[in-house]
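The first residue of the sequence shown is numbered 1, and numbering continues consecutively from there.
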Amino acid sequence: MPDAPDRAAVPTRDPRAEPPGGSAAKDPAGSSAGAPDCLGRALADARSPRVPALSPYVPERPFPWSGPGLPLTDRGRRRTDAAAAFGGPRRRAAAGARTDSGPGSVVTGFATVGAAPIRHDAPLDLARLLRLSLAASAGTSGRLRPVPSAGALHPVRAHLLVGPGCSLPPGRYAYDPHTHRAHPRGPAPDGVPAGVLVVLTVAASRTVAHYGHRAWPLLLLDAGHAAAALAQAGPPTADVLVCLDADGALLSAAAGLPRAPARHSEWQAAELEPPLAAVWFTPTGGSVRTIDPLSAWATRARASAPVRAPGPPIAQAHELSYTQHLLSLLAQAPARPACTWHPASRPEGVTGKTLTTRRSAPPDDLRRPPERELLASVLTTARTASPAGPDWTVVTGGAAPALYTASPGRPGLLLHAHGDARPTLAHWAARQTWIGTTGAVLLAHGCPDDASPAEVRTGHLAAGYAIGLAQTHATALGLRSRPIGSWQQADLGAALGEAPGRDWVVHGLALGAPPAKTTTPPATRTATPLTTRTATAPAAPTAAPRATRPTPHSTDPPAPGTTARTTPPGEEERP
């Protein structure tokens, strides 16, 4: 999904028009009343074939927390004046009001701390952690990072809640991935646990400008990918826990962010950042965890607000306001009364080099089918990534195309249906025709039409998180890969003869084997296969074939199916 800044601008939707979620989406209190109806409409709209209207290109906004920040790569610096970093008089005057954990609370400053060392030999080296996960590559526009993102727009922001045992002094920070600096936002409350808690938020403006009504699922997937990138970058000296279902109010309070809808009145010059997930790093072998870290940080939370830009508040398009409101509703819908922390695991063979060299492969590099054993290994990584994750299926091409699931209780793949589903997937994925010839596709699916807000949120976050782990595992195994985020009319259950509206494709990962190493001269290597393929390839039908379930208890291999692309070229996914 490439970025395309040179696009013609068209008039935006009338801001007075009713949002796609209906009147319930206008709830001024920001409560979840009417959320199921609002969400059902939003799901149907995002899954519909309606193409987003073009909108003016939106450049990335400047980092809202100004000042020099603390460099995370300057190993020559032994000590830093944390008192100045946490807000001298000039900094406090520029930053304006600061918010407390309670809605509407404002303070004019916060206590500073004394000078403290930046320890690069600490158990948790935040410079390395962030360089391997979220940092933009030096000398680039910021699109190239270890973590993938829809359209390379990177809407996810990280707020670092640093306790003892880290390379930075304890306190709250906002991380700038472009400069690889941590901008202090306030001191740490008393009694916070050792380690660092990273709260992930999303700034939706650029993603909405590119994807319109399809943006909000992509924002959830991007947050899941960012959580996976952080979890895999954790050092061996740390235990890593991930939370995808914490209440948004608790996440906001811990990070020192005001709760919606008060944000517009308190931070009028800043973009809303709905919080969606958290990753917690603690030193291995430390004290027993007796307190929830989010609750500890939410106590007497004080943090600086973004620096107010000169001039009036920035006007927001209707589609952006609706998306931010919808994400806020989803963040207020925890799956359980208390947030759930589950341990993160790094797939076998994943190293720091794997994380920094992982890239989305060009479509032409994904044509060769991977070996079944490797596919089964990647599928296992995705299935075991999160206990609240979606269901998983692998679609393969080759001589005997089929759909496979994990085999219960033993390694390997279990045949689920015969036939070549890749042309259908290409049509569902905004007609990205290259998917029809890719080697294999890993699918996350579920999220029925009547899913609750909690199910929608955790399902998409877990899908992004699991695909993030699966992609780095595939990279470690030598496979090529490319995430596929946008899906329309992708009712996998209905395509397999089940009840419609119950099993939708949420996310995908295209997989291909590396190019084969041959020593055969080019003329000998290509002449015979081309002749054979031309003679035996059937004519392309007018509609993509439907995969069919195998005969129960059948031991026969899958029936061969056509590998020709059967869906006519259509409009590619708009950036």
Side-chain angles (χ1 to χ4, degrees), residues 70-75 117-135 137 145-148 158-170 173 175 177 180 182 192-200 224-244 277-291 293 340-359 377-378 380-387 464-479:
L70 300 182
L72 294 173
T73 55
D74 185 6
R75 292 182 176 270
I118 295 182
R119 295 180 50 202
H120 293 288
D121 59 345
L124 291 177
D125 184 358
L126 301 184
R128 180 183 182 277
L129 172 68
L130 295 166
R131 177 176 58 81
L132 295 179
S133 56
L134 304 181
S137 298
R145 306 187 192 185
V147 60
H159 295 267
L160 314 177
L161 314 183
V162 180
C166 298
S167 54
L168 284 175
Y173 301 83
Y175 175 62
H180 197 44
V192 295
V196 59
L197 180 64
V198 183
V199 174
L200 298 175
H225 274 278
L230 283 164
Q232 294 174 98
T237 56
D239 294 327
V240 186
L241 298 176
V242 179
C243 179
L244 305 177
V279 185
W280 184 22
F281 301 85
T282 60
T284 300
S287 58
V288 178
R289 304 181 186 94
T290 58
I291 185 172
T340 307
W341 294 96
H342 64 86
S345 61
R346 175 180 291 183
E348 184 179 357
V350 172
T351 64
K353 183 178 180 181
T354 307
L355 298 177
T356 55
T357 58
R358 181 222 54 81
R359 295 289 180 268
S377 182
V378 174
T380 299
T381 296
R383 287 183 60 250
T384 58
S386 172
Y465 177 77
I467 289 289
L469 294 181
Q471 187 178 25
T472 51
H473 191 191
T475 302
L477 294 173
L479 302 179

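Annotation: the span from L130 atom CG to Y175 atom OH amounts to 5.0 Å, rounded to 0.5 Å. Note that CZ of R358 and CD of Q471 are 4.5 Å apart. Values are rounded to the nearest 0.5 Å. Taken to the nearest 0.5 Å, the OG1 atom of T381 stands 9.0 Å off from the CD atom of E348. In this structure, CG on L200 lies 7.0 Å from CG on L134, to the nearest 0.5 angstrom. Of the inter-residue distances, the one linking T340 atom OG1 with L241 atom CG reads 11.5 Å to the nearest 0.5 angstrom. Note: L230 CG to Y465 OH = 10.0 Å, rounded to the nearest 0.5 Å.
The minimum heavy-atom distance between G165 and A122, with the atom names listed, is O-CB, 3.9 Å. Closest approach of A344 to A231, counting heavy atoms only: CB-CB, 3.7 Å. Here the shortest heavy-atom pairing between A382 and A466 reads O-CB, 3.5 Å. When all heavy atoms of L72 and A127 are compared, the pair lying nearest together is O-CB, 2.6 Å. Among all heavy-atom pairs drawn from H342 and P387, the shortest one is CG-CD, 3.9 Å. Minimum heavy-atom separation, H225 to P148: ND1-CG, 3.4 Å.
Under the 4.5 Å side-chain criterion, counting only non-hydrogen atoms from C-beta, F281 is in contact with V198. Counting heavy atoms from C-beta on, the side chains of L168 and V196 never come closer than 4.5 Å. Within the 4.5 Å cutoff, the side chain of D239 has no heavy atoms near those of the P343 side chain. In this structure the side chain of V192 never reaches within 4.5 angstrom of the side chain of L161, judged on heavy atoms. Using a 4.5 Å heavy-atom threshold, the side chains of P347 and Q232 count as touching.
The main-chain N or O of R145 is never found under 3.5 Å from a side-chain atom of S137 such that the two would form a donor-acceptor pair. In terms of modelled atom types and a separation under 3.5 Å, the side chain of T282 and the main chain of G195 share no donor-acceptor contact.
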Check the pair T351 / T354 against side-chain hydrogen bond (donor to acceptor under 3.5 Å, both in side chains), numbers first and verdict last.
-> CA-CA 5 Å; T351 64; T354 307; 3.1 Å; yes

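For A233, the side chain to side chain contact (heavy atoms under 4.5 Å, CB included) criterion is met by L129, L132, S133, L355, not counting sequence neighbours. Among residues two or more places apart in sequence or in another chain, the ring pair (Phe, Tyr, Trp, His ring centres under 6.0 Å) test is passed with H473 by none. Listed by chain and number, the residues in a side chain to side chain contact (heavy atoms under 4.5 Å, CB included) with R383 are L379, W392, A406 (sequence neighbours excluded).
In summary, the side chains of S377 and T380 do not present any donor paired with an acceptor at a separation below 3.5 Å, with no hydrogens or angles considered.
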